[in-house]
2 protein chains.
Amino acid sequence: MKSSLEELEKELKIRNINISYQRLKVLECLTLNHCHPTVDQIFTALHKDIPTLSKTTVYNTLRILVDAGMVRVITIEEHETRYDIDMENHGHFKCESCGMIYDFSIDIDLLTCDELSNFEVNDQNVYFKGICPGCLSNINQNK
Amino acid sequence: MKSSLEELEKELKIRNINISYQRLKVLECLTLNHCHPTVDQIFTALHKDIPTLSKTTVYNTLRILVDAGMVRVITIEEHETRYDIDMENHGHFKCESCGMIYDFSIDIDLLTCDELSNFEVNDQNVYFKGICPGCLSNINQNK
DNA sequence: AACAAATCTGTAATCATTATAAATCAATTA
DNA sequence: TAATTGATTTATAATGATTACAGATTTGTT
């Protein structure tokens with residue numbers, strides 16, 4: 001897993017994205033916390049280190065990273081856009097009780113769908129919702 | 001497939017939703033056009049028959065239907081909420097060229113995911129994006 | 001140091017959705 | 001039929017995330 005600032009710089013250079021402190025920090029934020037943050041969460045996290053940071057910069061940077069294929073957009077819920085630096089194919093589960101988002105692996109069989117054999121598939125998203133084990137046991141304890 | 005207004009009335013009664021002309025028409029619109037319409041598309045389609053219709057009513061009705069489990073929300077794209085009356089488990093493919101949304105069947109294997117064995121899964125959405133066969137052939141012809 | 005190009009910032013504008021309150025409608029009773 | 005009650009619909013205003021934009025700042029180059 002790539003994590004150091006130097007490696008992130010390389011990743012940007014490969015994709016012809018100019019380097020800036022803000023861009024590196026947004027990338028670092030996504031890399032360190034694989035928590036699928038929202039724009040607000042990224043902004044709040046970085047604002048401590050970069051008091052002058054503008055939310056517009058966070059939006060702009062994320063658009064650049066998404067367009068370059070380094071980051072994917074997650075829209076499990078209406079009005080809750082999140083960002084994920086893990087481009088490997090995987091599913092997202094959102095707990096409707098605590099709001100936490102979990103990654104899970106998905107079967108390659110899903111990809112080989114006869115019906116779509118004549119389609120060019122560029123992007124795949126699998127979103128589940130429900131209750132996570134932690135919240136399930138809390139609910140049971142309070143009974 | 002249920003389609004007549006009478007059958008839609010029954011469906012509403014079963015779920016303890018009071019019947020109104022607007023509610024029936026929204027339901028009918030979703031039933032006749034399995035095109036996963038947006039709020040605007042529903043509003044525009046019904047406005048011809050119901051000139052007094054308010055967009056707020058469309059929003060309110062859809063919320064009631066979704067809460068009752070008769071309709072599901074589709075959020076393939078940010079800022080493009082669509083509604084689907086087909087509650088059977090299936091995937092959605094959106095063509096990035098023509099914007100059309102296609103249904104496709106998904107494998108039951110997807111559901112039996114070991115990692116999520118301790119999770120309570122209440123909702124599953126599979127969203128693909130790419131280019132549909134029609135747009136692919138257009139692109140090839142124009143080469 | 002000066003210049004040009006890119007990036008960042010802050011504010012204003014946009015647009016879908018939600019909140020709210022008054023108007024309308026439907027059903028019931030007198 | 002008229003009055004009453006409750007639910008639904010409507011129109012408008014408010015909200016909030018995102019985008020547009022223009023000026024300020026930074027960076028790299030000569």
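Letters go in sequence order (proteins before strands), and every chain restarts at 1. Atom set for the values below is all heavy atoms of this structure, side chains included, hydrogens, waters and symmetry mates excluded.
Computed from coordinates, the B:L24 CG to D:dT9 C1' distance equals 15 Å when rounded to whole Å. Between the CG atom of A:N60 and the P atom of D:dC21 there is a distance of 13 Å, rounded to whole Å. One atom, CG of B:D49, and another, P of D:dT9, lie 16 Å apart when rounded to the nearest Å. Straight-line distance from the CD1 atom of A:I17 to the C1' atom of C:dT7: 14 Å, rounded to whole Å. Between the CG atom of B:L12 and the P atom of D:dA7 there is a distance of 17 Å, given to the nearest Å. In this entry the distance linking CD1 of B:I64 with C1' of D:dA7 reads 10 Å, nearest Å. Taking atom CZ on B:R23 and atom P on D:dA7, their separation rounds to 11 Å, with Å as the unit. Atom P of nucleotide D:dT8 and atom CG of B:N16 are separated by 12 Å, given to the nearest angstrom.
Using a 4.0 Å cut-off, no side-chain N or O of A:T56 falls inside it from OP1 or OP2 of C:dG10. Close to C:dC25, at under 4.0 Å from its OP1 or OP2, lies no side-chain N or O of B:Q22. Residue A:S20 has a polar side-chain atom (N or O) positioned under 4.0 Å from OP1 or OP2 of C:dC8. Put simply, A:N18 has a side-chain N or O that comes within less than 4.0 Å of OP1 or OP2 on C:dT7. The side chain of B:R63 contributes no N or O atom lying less than 4.0 Å from OP1 or OP2 of C:dT17. Contact annotation: B:S54 does not reach the phosphate of D:dT9 (side-chain N/O to OP1 or OP2, under 4.0 Å).
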Please list, for nucleotides 14-18 of chain D, all pairs of protein and nucleotide N/O atoms separated by less than 3.5 Å.
| residue | atom | partner | partner atom | Å |
| --- | --- | --- | --- | --- |
| D:dT18 | OP1 | A:T81 | OG1 | 3.2 |
| D:dT18 | OP2 | A:Y59 | OH | 2.4 |
| D:dT18 | O5' | A:Y59 | OH | 3.2 |

Please tabulate, one pair per line, each protein N/O and nucleotide N/O from nucleotides 23-27 of chain D that are separated by under 3.5 Å, including the distance.
none

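Interatomic distance, B:I76 CD1 to B:T81 OG1, rounded to the nearest 0.5 Å: 11.0 Å. Rounding to the nearest 0.5 angstrom, the gap separating the SG atom in B:C135 from the CG atom in B:N140 is 11.0 Å. Expressed to the nearest 0.5 Å, how far CG of B:L24 lies from OG1 of B:T31 amounts to 10.0 Å. We find the NE2-CD1 distance between B:H47 and B:I42 to be 14.5 Å, quoted to the nearest 0.5 Å.
Side-chain atoms of B:T44 never come within 3.5 Å of backbone atoms of B:Q41 as a donor-acceptor pair (strictly under, hydrogens ignored). Of the possible polar contacts, none joining the B:E80 side chain to the B:E77 backbone as a donor-acceptor pair under 3.5 Å is found. For A:T75 (side chain) and B:T75 (main-chain N/O), a donor-acceptor pair under 3.5 Å exists by modelled atom type.
Two rings, from A:F119 and B:F128, have their centers 6.0 Å or more apart.
Between the side chains of A:D84 and A:H90, a donor-acceptor pair is found at a separation under 3.5 Å.
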